[in-house]
Amino acid sequence: MNSVLSKIGRALFGFLSSLKLAVIVILSLAAVLAVGTFYESLYDTDTAKHYVYGTWWFTAILGVLGLNVLFAALSRWPWKRHHIGFLVTHLGILILLAGSLLTLIEGYEGQMILAEGETGKKMTIKEAQLFFYDVDLGKLEQKPAEFRFDPPDPRRPWATRVLGDVEARVDDFIPNAAEDIRVEADNPLDNPALEIKISGSRTTMQEWVFAREFERQRLNLGPATVAYLELPDLAAFRRLLKEPEAFAGPALWLEGAWIPVKPNLNQPLKTRAGTLTLKNYLSNAAVDPNGLRSVDSERVNPALTLTLETPTGGERHTVFAKFPMLPTVHGEVNSKLRPRLYDFPPDWNASDNALVLARLENGEHYYALKSGGAWREISPLALDKPVGTGWMDFEFSVVQDTPRARIEKVYRKVSVPKGKEGPPSAVRLALANAQASREFWLGRGESRDVDLGPRRLKVAYGLKSKPVGFELRLDDFRMGTYEGTKDPASYESQVTLIDREAQVQDSRLIAMNQPLEHGKYKLFQASYQLNPGGPDYSVLAVAYDPGIFLKYLGSIVMCTGIALMFWFKPMFVQKRIAARKAQASSATAGLSPEIPMEKTP
Amino acid sequence: MIRMKTFLMLGILFFPAALLAEGERPAPKPGMQVEILREVAIQEGGRKKPFDTFARETVRTITGREKFQGFDPIELIYSWLTQTKAWEKLPILDAGFKPLQEQVGLKPTDGRVAPADLAANQEFQLFMQTVAAKQQEGASLSEIERHAASLMQRLNLFYTIASGSALTMIPQAGGHWESLEKLAERYPNLSAMQAAPTADAKIAGAVQGSLAAYFQGDAALFGQMAIMMRDLLKEQGQIVKDYPSAQDLHREIRLNTVKPFRLAWLGYALAFFLLISSLWMKGKGLYWVGMGLLALSFGVHIYGFVLRMLISGRPPVTNMYESVIWVAFGVVLFALIFEAVYRAKIYAVAAAALATLLMVVADSVPSILDPAIDPLVPVLRSNYWLTIHVLTITLSYAAFALALGVGNASLGYYIFKPQAKERIERLNYFLYRSMQVGVILLAAGTILGGVWANASWGRFWGWDPKEVWALIALLGYLAILHGRFAGWLRGFGLALGSVLAFLLVLMAWYGVNFILGVGLHSYGFSSGGATGMATFVGIELLWVGFATLRYKMLFKPARVPAMGRSG
């Protein structure tokens with residue numbers, strides 16, 4: 001029994017340390033790698049990683065290589081001086097493989113995308129996740145939801161149970177999903193929307209405009225631009241057309257008077273009620289532990305804070321353009337003031353052909369048409385009644401008037417040329433518990449409130465993120481160009497590194513070939529987006545690679561070993577030959593160290 | 001005063017194109033000293049270069065050759081500027097790609113089409129619209145579309161030259177130089193120049209004077225005007241503190257005119273014939289003459305490199321053209337070192353042959369291997385890494401190329417002179433030595449690439465095709481070395497391996513950039529040359545196949561005679 005085992009053991013050892021295995025592994029590795037590069041050429045790097053480089057069997061080939069290298073070295077025991085090169089080389093390979101394994105298991109990389117002025121604390125990792133949040137319990141659950149290579153379909157859905165008793169199921173997936181909208185009329189809040197049709201002999205277009213969805217307030221439709229604005233009364237509409245410059249942006253309507261916001265910020269204004277001061281305008285207001293702040297410069301939720309000093313005291317108001325029904329004063333104060341914020345698109349009057357649709361406070365609709373740069377008379381709007389526009393032979397009509405519109409996002413598959421970044425993916429998600437079930441599409445980067453009976457949930461679909469343990473503020477992004485051209489010569493991000501724990505606050509430069517190292521992370525300049533008129537974006541790659549030291553060490557050891565083997569071994573062997581002149585033929589087959597001499601003719 | 005006089009004398013439009021009679025074929029004009037203008041600087045392609053370089057590059061791009069119909073490139077530019085109407089009806093745009101000709105119905109003369117004909121070709125314009133749309137969205141183009149796009153580029157280049165808008169030669173403060181067209185707009189005529197006699201006005205006058213003198217065939221006046229134009233532009237450049245030194249300009253003109261790389265391959269080719277003849281000669285005389293010539297050509301080769309490095313300010317391995325020349329350099333370098341150690345002859349022969357082949361290729365297909373010194377993408381702007389990573393990797397290609405050369409020679413001996421056993425054994429030993437050098441350089445270069453990648457892209461190894469193919473090539477040679485160690489690959493197998501494994505090097509070197517065309521090494525991407533490469537690979541494979549069959553016939557029966565015959 002014992003002898004059988006030792007026989008098997010010896011045979012196995014012999015096989016694992018054999019040159020035959022070495023050549024087989026080397027050649028199969030080469031073949032697999034070649035296939036991998038063609039995958040990459042046909043699809044992309046991620047696909048090649050998923051189907052070749054990142055698979056278990058690829059790691060297994062490397063594992064066999066490691067064993068072979070190890071046993072080959074052991075099989076030379078007892079080691080002689082002339083083995084040095086060979087041993088050092090093989091040791092180097094083992095260290096290199098160990099480093100790679102460590103990177104594979106422990107390492108990760110991601111991105112930090114910062115706009116100028118923005119501070120980042122987290123890195124995003126390219127693995128999609130679904131986030132489920134119970135609003136009442138304050139409980140969050142995350143599930144990995146990477147469907148790129150294994151998309152679910154109705155016959156083979158992806159399903160999981162979250163937050164106790166909620167069944168979550170994904171049964172459809174679009175890798176690159178363009179967003180479209182469907183308008184439903186079931187919004188509990190006011191949200192006026194009109195569906196506009198513009199038709200001419202050549203073409204017909206139909207599109208929704210929204211008065212309070214500010215990104216969809218103005219649109220280009222065929223030959224003209226269309227804007228849907230809310231206004232207090234007809235006189236205000238007339239004034240709007242007469243003084244378009246004064247209404248290119250947010251304006252406050254207070255006791256029958258217009259106050260354009262931007263020129264009057266932080267200037268005391270005398271009104272009948274007292275001294276009014278417009279404090280702060282936020283284009284996309286959000287509540288934050290420190291109060292109200294603007295998330296970004298997009299016009300999504302415009303808000304204005306203002307104070308009114310009266311002889312009897314002061315009042316502080318916050319006015320939201322999107323929610324005029326909200327009381328503007330917090331707390332118990334009983335104010336007579338009824339401020340209303342209107343947020344006009346800055347470019348509603350910019351084109352020569354335009355249509356402005358106005359919804360007055362009393363719910364009536366009017367319109368004004370502009371063709372060739374001149375406004376025509378304001379007229380009342382009627383549903384389904386085509387009106388000649390003066391833009392070639394186009395007519396417009398209002399197909400639907402939906403005062404309580406809700407936008408339901410729907411997604412459409414688009415094909416993206418190779419090597420281009422397309423729109424993000426979308427999933428069709430179904431949530432169900434004993435009381436109710438909901439089904440909807442969710443695009444990556446979107447979140448949604450879902451009520452399942454009494455339970456209030458929030459779901460989001462996004463990339464995994466990870467705090468890096470320090471803060472990084474992008475102060476400036478610069479792109480250098482070659483003289484006389486627009487070709488980039490350099491990219492660099494001037495950042496401030498803030499690490500509260502280590503009490504570091506440093507100004508640093510991240511540039512091509514000049515990464516920033518902090519903590520366990522290295523940050524590199526990966527990409528950028530220039531944004532004329534707005535803040536530029538810098539894309540930093542963030543990497544944590546615990547195996548890098550071993551990889552470097554292994555590389556150095558391996559290269560030293562190869563050099564020893566190629567140049568010093570012949571020297572040792574030659575010495576030995578010199579010592580044993582009689583036996584001219586060396587025992588190490590094939591490594592004939594002596595230079596074969598040619599006979600002189 | 002002389003200036004004023006010439007102004008008055010000329011008194012014609014800035015670009016007197018319309019004055020040429022229809023149908024007249026422009027020819028070089030006698031006595032024009034266009035070489036005066038060679039050292040005028042022009043800001044183009046992200047750097048300042050001599051007008052000489054610009055003219056050569058432009059003429060090469062448009063016509064496909066540097067010397068077109070006997071014109072000096074600068075004179076041809078002058079001719080295009082002054083005789084646009086005549087030129088646009090003449091076949092000058094390189095349109096040699098047959099499938100494109102058929103696709104859009106071009107009828108080229110001598111592989112070229114006339115700009116006016118192309119501009120009026122509805123089919124071509126229509127085809128270009130789809131190509132432009134594809135380019136816009138970043139989709140990859142088919143071969144025919146790529147050729148259409150470059151033809152369009154040639155057409156545009158011709159007209160931007162003829163209008164003067166591509167000739168950004170007027171130094172301006174702030175970095176963006178002004179074109180002749182813009183200058184002409186500011187100073188359309190003599191009165192405008194006299195109204196504001198600024199430095200720019202003087203330049204405008206000199207430029208106009210040189211054009212008019214060229215047009216009228218007045219060689220003496222042209223010489224005067226050219227000198228005036230050259231000096232005024234230089235003066236203006238020095239005022240705005242943005243003008244290359246005379247030394248830099250002359251250096252580049254020297255590279256253009258001396259053509260050291262061409263001289264080098266001529267020398268290599270001659271050295272090859274001398275050295276290969278010396279194999280059959282008794283005595284060492286011819287061998288030493290050949291070696292001397294090889295060394296001399298190598299010196300010229302290095303001289304070219306040094307000029308190029310001084311001009312570009314970076315190591316000469318930033319594009320395919322440079323890497324081909326660098327590999328040729330490496331091949332000769334290793335051969336000279338090995339020759340010094342072993343006196344093997346065969347190294348020198350193989351190196352001379354390979355270097356000639358490589359340098360001829362580099363010298364003869366500028367549309368594929370572009371010799372222009374262009375700006376680098378930001379990630380490559382690190383001389384430190386370029387030097388240690390790219391030079392190492394490409395030197396390994398050189399060592400493997402030398403192994404390929406020796407391997408081919410060895411195969412030749414096996415099948416044509418199998419009785420020369422000792423010589424074959426020596427060849428195989430040399431082959432083995434070259435491979436060893438290649439392996440250590442490739443291993444080190446690949447790893448250094450990883451170290452650089454870690455510093456620029458944030459990872460040591462990212463499965464980029466260029467990295468992967470370097471690794472595949474390395475694995476290929478490692479398999480051969482292990483096979484040799486195990487005794488499976490003896491002489492013939494080793495020679496065979498050195499040839500076949502070099503195909504992996506070609507894939508890593510050329511294939512990744514020209515065939516796969518993906519990955520982060522995208523700065524080296526290009527297209528074309530597939531036919532030439534396929535021919536080379538095909539010949540090698542046929543040769544290897546033939547050698548194997550012949551080898552089997554020669555050696556196998558001797559080993560197993562009885563079985564083979566009776567069975």
Side-chain angles (χ1 to χ4, degrees), chain A residues 19-20 22-23 26-27 29-30 33-34 36-38 40-41 44-45 48-49 53 100 103 109 417-420 480-485 487-491 512-515 522-524 526 541-543 545 548 551-552 555 558-559 562-563 566 588-592 595-599 601, chain B residues 43-48 137-140 168 175-177 282 342 375 377-379 381-382 385 422-423 425-426 429 436 439-440 443-444 447 450-451 454-465 468-469 471-472 475-476 478-479 482-488 490 504 512 516-519:
Chain A
L19 265 170
K20 193 177 271 177
V23 173
I26 288 173
L27 289 179
L29 192 58
L33 289 173
T37 60
F38 281 96
E40 169 146 14
S41 179
D44 57 20
T45 314
K49 271 186 192 160
Y53 308 131
S100 309
T103 304
E109 49 193 72
K418 207 182 77 183
K420 287 275 148 186
T481 52
Y482 284 102
E483 53 175 297
T485 68
D487 301 336
S490 64
Y491 317 115
M512 260 334 192
N513 296 317
Q514 192 190 328
K522 249 181 161 180
L523 291 97
F524 311 83
V542 187
D545 184 356
I548 192 71
K551 286 191 272 191
Y552 282 3
S555 303
M558 183 179 80
C559 288
I562 299 177
F566 288 171
T588 48
L591 242 178
S592 53
I595 307 163
M597 290 308 289
E598 198 169 357
K599 278 184 199 133
Chain B
Q43 184 188 51
E44 194 260 346
R47 69 183 186 104
K48 288 180 276 291
E137 65 181 40
S140 60
T168 39
H176 281 265
W177 288 18
K282 304 221 162 141
Y342 300 121
V377 296
V379 71
R381 282 169 50 105
S382 164
W385 286 113
E422 272 133 11
R423 177 164 273 270
E425 209 175 321
R426 266 169 68 85
Y429 178 73
Q436 282 184 323
V439 161
I440 191 156
I447 287 163
V451 178
N454 192 35
S456 63
W457 297 325
R459 80 289 180 294
F460 178 75
W461 192 265
W463 302 112
D464 182 70
V468 175
W469 272 99
L471 180 61
I472 294 172
L475 289 171
L478 284 180
H482 280 83
R484 178 183 183 276
F485 184 67
W488 304 326
R490 296 196 174 269
L504 300 177
V512 171
L516 290 181
V518 287

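So you know, we letter chains A, B, ... as the sequences are listed, proteins then strands, and number each from 1.
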- Does a side-chain heavy-atom distance below 4.5 Å link A/Lys49 with B/Trp463? yes
- Residues forming a side-chain hydrogen bond (donor to acceptor under 3.5 Å, both in side chains) with B/Thr168, sequence neighbours excluded: none
- Tell me, for A/Ala489 versus chain B, whether the close heavy atoms (under 4.5 Å) come from the side chain, the backbone, both or neither. both
- Between atom CZ of B/Arg459 and atom CZ of A/Phe524, what is the distance when rounded to the nearest 0.5 Å? 9.5 Å
- Item | Heavy-atom side-chain contact between A/Ile26 and B/His482 under 4.5 Å | yes
- Message: Working to the nearest 0.5 angstrom, can you tell me the gap between B/Leu471 CG and A/Leu29 CG?
- Response: 6.5 Å
- How about B/Phe460 and A/Thr103: do any of their side-chain heavy atoms sit closer than 4.5 Å? no
- Message: Salt bridge or not between A/Glu483 and B/Lys48? Use side-chain N to carboxylate O under 4.0 Å.
- Response: yes
- Query: Between A/Tyr552, A/Phe38, A/Tyr491, which residue shows the highest count of heavy-atom pairs closer than 4.5 Å to chain B?
  - Reply: A/Tyr552
- State the CH2-OG1 distance between B/Trp469 and A/Thr37, to the nearest 0.5 angstrom. 5.0 Å
- Do A/Val23 and B/Leu478 have side chains that get closer than 4.5 Å, going by heavy atoms? no
- Query: Do the side chains of B/Leu475 and A/Leu27 get nearer than 4.5 Å, heavy atoms only?
  - Reply: no
- Item | Heavy-atom pair count under 4.5 Å with chain B, highest-scoring of A/Ala541, A/Ala543, A/Ser555 | A/Ser555
- chain A shares the most heavy-atom pairs under 4.5 Å, among B/Pro375, B/Ala479, B/Gly175, with B/Pro375
- Task: Could you tell me the separation between the NE2 atom of B/His176 and the OG1 atom of A/Thr485, rounded to the nearest 0.5 Å?
- Result: 7.5 Å
- Decide yes or no for A/Lys20 and B/Trp488: does some side-chain heavy atom of the first lie under 4.5 Å from some side-chain heavy atom of the second? yes
- Message: For a 4.5 angstrom cut-off between non-hydrogen side-chain atoms, does A/Ile548 reach B/Asn454?
- Response: yes
- Any side-chain heavy atom of B/Ile447 sitting closer than 4.5 Å to one from A/Met558? yes
